[in-house]
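Note on naming: letters A, B, ... go to the chains in the order of the sequence lines (proteins, then strands), and numbering restarts at 1 for each one.
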Protein chains: 2
Amino acid sequence: EGLVITGVAIKTDEAKVTVLDVPDVPGIAAKLFSEVAKEKINVNMIVQGTSRNGLSEINFTVPKKDLITLKSIEEKIKSSIKCSNIIYDDNIAIVSVVGTGMRSHHGVAAKVFEVLASRGINIEMISTSEIKISVVVRMERAEEAANALHKEFKLSEIEIKTE
Amino acid sequence: EGLVITGVAIKTDEAKVTVLDVPDVPGIAAKLFSEVAKEKINVNMIVQGTSRNGLSEINFTVPKKDLITLKSIEEKIKSSIKCSNIIYDDNIAIVSVVGTGMRSHHGVAAKVFEVLASRGINIEMISTSEIKISVVVRMERAEEAANALHKEFKLSEIEIKTE
Ligand SMILES: C[C@@H](O)[C@H](N)C(=O)O
Ligand SMILES: C[C@@H](O)[C@H](N)C(=O)O
């Protein structure tokens, strides 16, 4: 499959939520997201890595406009699943490089990260699939990150999409 | 946008690599993945959550066949980025639910997690995008997970793809 990078997208209307030290046992993610779904809040990115000492961290992004509702159910979430804390961050942007054939081409992700590194932009979260590499950065670095990626992948003017 | 779940996919030819306690500063992800790219190893899922006390965990999956090569460059990686340890797990499977309109429909992810919870299947890693919800489970639970999801979303016979 040929590698084709089709665009760079920025999403600035979301906030990141981090649920710390949840037990790594079946049912926890189900309870957490069913509480969020009850409030009719749309969840975009969900990122969970590997547990340590039986505890995991679950991150997800929601529309900024829903953050107040989400905070209002914090006690409900904390009584449904054990966790040490829930952290909210509304100063983030999601910058994504979109394309096809990324999985079969080594080095695309490395290049995305190198472009950000060269500008001293810190990567705060990463989630990838075959067609998309998404990173979370500080809101104020989003434009610069997107422009740098746009230039690196030699995309024409029209491709920076703000979702 | 209407919600359409088009299929369930299982991927059993990959291993998960976890790089622990990397400094959460610009350039680390770039260095890690450029070392991996030098070996011409294709990276599939990359998952990094939020750092704690300035340290992050970076997870990624590679073809099982490349695990020996990856282990052979561990010292190179450790001298290029500070980390406390690198963990390899070749007994995993990636189970994905694929569809469109997932972002604008609350509750799809919750349902996926509930199906796995109801069968006592532990979710070891999560990565989602608008068109795909991927979870890592023990290899021996992959079939059961995929069949349960297949049934839940009432998909016809043909849709369980083994990638
Ligand atoms: C941490 C959380 O994902 C848990 N392992 C679960 O299955 O729900
Ligand atoms: C942890 C790693 O992602 C780091 N923040 C970087 O930008 O490379």
Report summary line: Answer key: most heavy-atom pairs under 4.5 Å with chain A among B:Ile121, B:Ile87, B:Val112 is B:Ile121

Requested in this report: Measure the shortest side-chain to side-chain distance between A:Ile131 and B:Ile131 over non-hydrogen atoms and say whether it is less than 4.5 angstrom.
Outcome: yes

Report task. Return the option, out of B:Ile58, B:Val36, B:Leu20, with the maximum number of heavy-atom pairs under 4.5 Å with chain A. Result -> B:Leu20

Query raised in the report: When clusters are formed by joining ILVMFWY residues with side-chain heavy atoms under 4.5 Å apart, either directly or through shared neighbours, do B:Leu55 and B:Val17 land in the same one?
Result: no

All N/O donor-acceptor pairs, side-chain side in residues 62-72 of chain A, below 3.5 Å, sequence neighbours left out:
from, atom 1, to, atom 2, distance (Å)
A:Lys64, NZ, A:Thr12, O, 3.1
A:Lys64, NZ, A:Asp90, O, 3.3
A:Ser72, OG, A:Thr69, O, 2.4

Query raised in the report: Would you say the side-chain atoms of B:Thr128 pair up with the backbone N or O of A:Asn44, donor to acceptor, closer than 3.5 Å?
Result: yes

Query - chain B contact via A:Lys111 - which portion, at a heavy-atom distance below 4.5 Å - result: neither

Query raised in the report: Which atoms of B:Asn59 come close to chain A, meaning under 4.5 Å heavy atom to heavy atom: side chain ones, backbone ones, both, or neither?
Result: side chain

**Report entry** A:Val43-A:Tyr88 co-clustered via ILVMFWY side chain contacts under 4.5 Å
**Finding:** yes

Query - Proximity breakdown for A:Thr18 and chain B, heavy-atom pairs closer than 4.5 Å - result: side chain

Query raised in the report: Are B:Arg52 and A:Glu57 ion-paired here, with the side-chain N under 4.0 Å from a carboxylate O?
Result: no

Requested in this report: Under 4.5 Å, counting heavy-atom pairs only, tell me which of B:Glu114, B:Met45, B:Lys40 racks up the most with chain A.
Outcome: B:Lys40

Report task. Hey, could you give me the CD1/CD1 distance between B:Ile123 and A:Ile46, rounded to the nearest 0.5 Å? Result -> 9.0 Å

Report summary line: In this structure, NZ of B:Lys132 is separated from OG of A:Ser127 (nearest 0.5 Å) by 11.0 Å

Query - Contact origin within B:Lys16 toward chain A - heavy atom pairs under 4.5 Å - result: side chain

Report summary line: Ranked by heavy-atom pairs below 4.5 Å to chain A, first place among B:Pro26, B:Ala110, B:Ser51, B:Ala37 goes to B:Pro26

**Report entry** Considering all heavy atoms, the nearest A:Ala117-B:Ala30 contact
**Finding:** CB-CB, 4.0 Å

Report summary line: Pair count under 4.5 Å, heavy atoms only, with chain A: among B:Val115, B:Val47, B:Leu116, highest is B:Val47

